[in-house]
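In this text, all values refer to a predicted model and were calculated from it rather than measured experimentally. Because only heavy atoms are used, hydrogens play no part in the values below, and waters and symmetry mates are left out as well, while side chains stay in.
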Amino acid sequence: MNKTKVKITTIQILDEAGNEDKIELLTEATKEFNGDCFIIDYDESEITQSEGNKTRLKIYKDKLIMIKMGTLSTKMEFEENKNSTNMYTTPYGSFDISFKTIIYDYSLNELGNGSVYIEYKIIFDGAEEALNKIMIDIN
């Protein structure tokens, strides 16, 4: 396992005018390669309003699996042109959440350095959709 710096930028498009909510997290993480994907582990912080949680990113060439563990827990899978539904658990209860991945752009080198860009829609109760973007930069 190697130590690495990870910058994660999340953007949620708030309305049709394109107003957005942007959060950036710069953190130290561990990185390892398990043969078919890079595994990035990091602790959440106060910035993400998930302090005390741990996040694992399993980054494959064609998909990313994000696993959050702690007071908030979920497993999210992002693969271009695919839908996924998962349980999202909070201290206030659990609910199903669906994702439709629009773009998955993998640009990591053989050492696991580079970036991953994901554009996806979160679908609430099968109807309401919110457009989101994630940019993950690994050094």
Partner of Lys31 under side-chain hydrogen bond (donor to acceptor under 3.5 Å, both in side chains), chosen from Asn113, Asp41, Asn2, Asn139: Asn113

Of Thr85, Asn83, Asn86, the residue whose pairing with Ser98 passes side-chain hydrogen bond (donor to acceptor under 3.5 Å, both in side chains):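 Only one option passes, and that is Thr85.
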
Treat each ILVMFWY residue as a node, draw an edge where side-chain heavy atoms are under 4.5 Å apart, and state whether [X] and [Y] are in one component.
| X | Y | result |
| --- | --- | --- |
| Val116 | Ile65 | no |
| Leu25 | Ile11 | no |
| Phe33 | Met66 | yes |
| Tyr106 | Met135 | no |
| Phe78 | Leu72 | yes |

From [atom1] ([X]) to [atom2] ([Y]), nearest 0.5 Å:
| X | Y | atom1 | atom2 | answer |
| --- | --- | --- | --- | --- |
| Asn53 | Ile67 | CG | CD1 | 13.5 Å |
| Lys5 | Glu28 | NZ | CD | 6.0 Å |
| Ile134 | Leu64 | CD1 | CG | 7.5 Å |
| Ile59 | Cys37 | CD1 | SG | 8.5 Å |
| Ile102 | Glu80 | CD1 | CD | 9.5 Å |
| Tyr88 | Met76 | OH | CE | 6.5 Å |

Can you tell if the side chain of [X] reaches within under 4.5 Å of the side chain of [Y], non-hydrogen atoms only?
| X | Y | answer |
| --- | --- | --- |
| Tyr42 | Ile8 | yes |
| Asp62 | Glu79 | yes |
| Glu77 | Lys63 | yes |
| Glu20 | Ile13 | yes |
| Ile103 | Ile118 | no |
| Glu129 | Ile122 | no |
| Lys100 | Ile123 | yes |
| Ile136 | Val6 | yes |

Pair Lys68-Glu44, salt bridge (charged side-chain N to carboxylate O under 4.0 Å, His left out): steps then yes or no: CA-CA 9 Å; Lys68 293 186 175 281; Glu44 294 282 346; 2.7 Å; yes

Check: Lys58/Asn34 side-chain N/O donor and acceptor closer than 3.5 Å: no

Side chain to side chain contact (heavy atoms under 4.5 Å, CB included) assessment of Thr101 paired with Lys82: CA-CA 6 Å; Thr101 305; Lys82 298 245 175 140; 5.7 Å; no

Ring centers of Tyr120, Phe99 separated by less than 6.0 Å: yes

Polar side-chain atom of Thr4 near backbone of Thr30 as donor-acceptor pair, under 3.5 Å: no

Heavy-atom pair with the smallest gap, counting every atom of Tyr117 and Lys133: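 So the two residues come closest at OH-CD, 3.4 Å.
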
Closest non-hydrogen atom pair, Ile40 against Ala29: CG2-CB, 3.7 Å

Full working for side chain to side chain contact (heavy atoms under 4.5 Å, CB included) between Glu119 and Leu131: CA-CA 7 Å; Glu119 200 168 293; Leu131 181 62; 4.0 Å; yes

Chi angles and distances behind the side chain to side chain contact (heavy atoms under 4.5 Å, CB included) call for Asp36, Tyr60: CA-CA 7 Å; Asp36 60 351; Tyr60 299 83; 3.7 Å; yes

